[in-house]
**Q** 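This is the structure, below, for whatever I ask next.
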Amino acid sequence: MIALQIKENKTFMSRLLATEVFDCFLLEETTITTFNTFFIDGRRVNEFYNSEELDNVELIPEFSPWSVMRPICFDLIKGKKAPVNFKFVFHLSPDSLAAITSMPDCSVDIGDVKALVLTVKFDGSIITCISATSFHSFVLDKSLDLLWDIWIKRFFSDSLIAFDQM
């Protein structure tokens, strides 16, 4: 697990809300406080889908793709005033997770991994991003933790997002 402090909030927010940079993530949840506090639970609601769609439930992710949620969150945040605060909890998409767990340096089986998580918090002035791994059961092997932390730093660097590791 690492914590990164974003150096340029405006650049980060532009990449997050106005581009496809973060579209490799699913949104577990978000809380955005502006003139009200908005909470979005990104979990799939099975009652919304008809029986035919539910027969293919494996095609519907457990959490909402960021590409779908991004315009909604953008509408809640945009304006001349910065939000009071926000928190986004992201999970790396299954395809990207599979790519990381198939790396030669990773000795963790993909079936043991619940999620690779990125939490983004804004306290009114500072944006902090925290990486975490979640497993279905206790795992001694830390290779995936290390690869996830490296991946996050490379992802930010490749996306021209400046940060300091805390």
Side-chain angles (χ1 to χ4, degrees), residues 1-7 12-13 15-17 19-33 37-49 53-70 72-73 85-123 126-166:
M1 176 182 357
I2 56 171
L4 306 175
Q5 183 174 326
I6 301 304
K7 288 184 174 183
F12 179 86
M13 294 305 294
R15 301 281 192 286
L16 178 68
L17 297 171
T19 72
E20 298 173 353
V21 168
F22 283 81
D23 285 0
C24 60
F25 289 95
L26 305 174
L27 181 67
E28 178 184 346
E29 68 178 49
T30 187
T31 304
I32 299 168
T33 304
T37 297
F38 302 92
F39 177 77
I40 298 173
D41 181 346
R43 286 177 175 76
R44 176 184 66 228
V45 177
N46 288 337
E47 293 79 13
F48 180 77
Y49 299 97
E53 291 168 320
L54 283 175
D55 287 342
N56 294 314
V57 75
E58 68 275 357
L59 302 176
I60 307 168
E62 178 183 2
F63 299 108
S64 298
W66 178 240
S67 60
V68 172
M69 301 307 296
R70 181 170 21 94
I72 297 165
C73 294
N85 59 58
F86 62 69
K87 176 182 170 185
F88 293 96
V89 180
F90 293 109
H91 289 211
L92 192 63
S93 70
D95 291 343
S96 298
L97 170 62
I100 292 175
T101 57
S102 67
M103 292 176 146
D105 293 344
C106 185
S107 50
V108 173
D109 183 77
I110 192 169
D112 294 333
V113 182
K114 188 173 184 180
L116 295 180
V117 180
L118 177 65
T119 302
V120 178
K121 295 180 180 181
F122 175 66
D123 66 3
I126 297 171
I127 298 174
T128 306
C129 300
I130 302 165
S131 69
T133 53
S134 177
F135 297 95
H136 293 291
S137 61
F138 181 73
V139 175
L140 284 171
D141 187 324
K142 299 299 179 199
S143 62
L144 182 59
D145 298 60
L146 179 60
L147 288 170
W148 176 228
D149 292 344
I150 291 168
W151 189 95
I152 286 291
K153 290 189 280 188
R154 185 174 298 135
F155 172 76
F156 280 12
S157 294
D158 290 349
S159 303
L160 304 176
I161 298 171
F163 62 87
D164 286 323
Q165 189 165 339
M166 301 169 69

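Model, not experiment: these values are computed from the prediction.
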**Q** Please lay out, stage by stage, how W66 and C24 fare under the test side chain to side chain contact (heavy atoms under 4.5 Å, CB included).
**A** CA-CA 8 Å; W66 178 240; C24 60; over 6 Å; no
**Q** If you round to the nearest 0.5 Å, how far is CG of D112 from CD1 of I110?
**A** 10.0 Å
**Q** Apply side chain to side chain contact (heavy atoms under 4.5 Å, CB included) to residues L118 and F88 and explain how you reach the verdict.
**A** CA-CA 8 Å; L118 177 65; F88 293 96; over 6 Å; no
**Q** With sequence neighbours excluded, what pairs up with Q165 under the side chain to side chain contact (heavy atoms under 4.5 Å, CB included) test?
**A** I2, L4, K153
**Q** With side chains defined as the heavy atoms from C-beta onward, is the minimum distance between P65 and D23 less than 4.5 Å?
**A** no
**Q** Can you tell me how far apart CE (M103) and CG (L144) are? Round to the nearest 0.5 Å.
**A** 10.0 Å
**Q** Output, in order, the C-alpha distance, side-chain angles, deciding distance and verdict of side chain to side chain contact (heavy atoms under 4.5 Å, CB included) for F135 and D145.
**A** CA-CA 11 Å; F135 297 95; D145 298 60; 4.0 Å; yes
**Q** Answer whether the closest heavy-atom distance between the side chains of T30 and C73 falls below 4.5 Å.
**A** yes
**Q** Should the heavy atoms of other residues, nucleotides or ligands under 6.0 Å from NZ of K114 be counted, would the total exceed 12?
**A** no
**Q** When you measure from the side chain of R15 to the backbone N and O of I161, does any donor-acceptor pair fall under 3.5 Å?
**A** no
**Q** Using modelled atom types only, decide if a donor and an acceptor are shared between the side chain of S64 and the backbone of G42 within a distance under 3.5 Å.
**A** yes
**Q** Flag the pair K7 / F163 as yes when at least one side-chain heavy-atom distance between them is below 4.5 Å, and no otherwise.
**A** no
**Q** Applying side chain to side chain donor-acceptor pair (under 3.5 Å), which residue pairs with at least one partner in residues 89-100 are found, sequence neighbours left out?
**A** E28-H91, S93-S96
**Q** Which atom names give the shortest non-hydrogen contact between V120 and I127, and what distance separates them?
**A** CG1-CG2, 3.9 Å
**Q** Which heavy atom of P94 sits nearest a heavy atom of L26, and at what distance?
**A** CD-CD1, 4.1 Å
**Q** When rounded to the nearest 0.5 angstrom, what distance separates OG in S134 from NE2 in H136?
**A** 7.5 Å
**Q** Mind listing the closest non-hydrogen atom pair of F90 and L27 along with its distance?
**A** CE2-CD1, 3.9 Å
**Q** With a 3.5 Å cut-off and no angle check, do the side chains of N85 and T33 form a donor-acceptor pair?
**A** yes
**Q** Test your reading of the model: is there a side-chain donor-acceptor pair from W148 to the backbone of V117, 3.5 Å cut-off?
**A** yes
**Q** Using the rule ring-ring contact (aromatic ring centres under 6.0 Å, His included), only one of F38, F12, F122, F39 pairs with F86; which is it?
**A** F122
**Q** Hey, could you give me the OG1/CD1 distance between T31 and I40, rounded to the nearest 0.5 Å?
**A** 9.0 Å
**Q** In terms of the angle between their ring planes, are F25 and W151 parallel, tilted or perpendicular, with boundaries placed at 30° and 60°?
**A** perpendicular
**Q** Please evaluate residues T133 and V113 with respect to the criterion side chain to side chain contact (heavy atoms under 4.5 Å, CB included), reporting the C-alpha separation (whole Å), side-chain torsions for both, the decisive distance (0.1 Å), and the verdict.
**A** CA-CA 8 Å; T133 53; V113 182; over 6 Å; no
**Q** Nearest heavy-atom pair of I100 and C106: which atoms, and what distance?
**A** O-CB, 3.8 Å
**Q** Is the backbone N or O of E29 less than 3.5 Å from a side-chain atom of D41, with the two atoms forming a donor-acceptor pair by type?
**A** no
**Q** Which value, rounded to the nearest 0.5 Å, describes the distance between D149 atom CG and K142 atom NZ?
**A** 11.0 Å
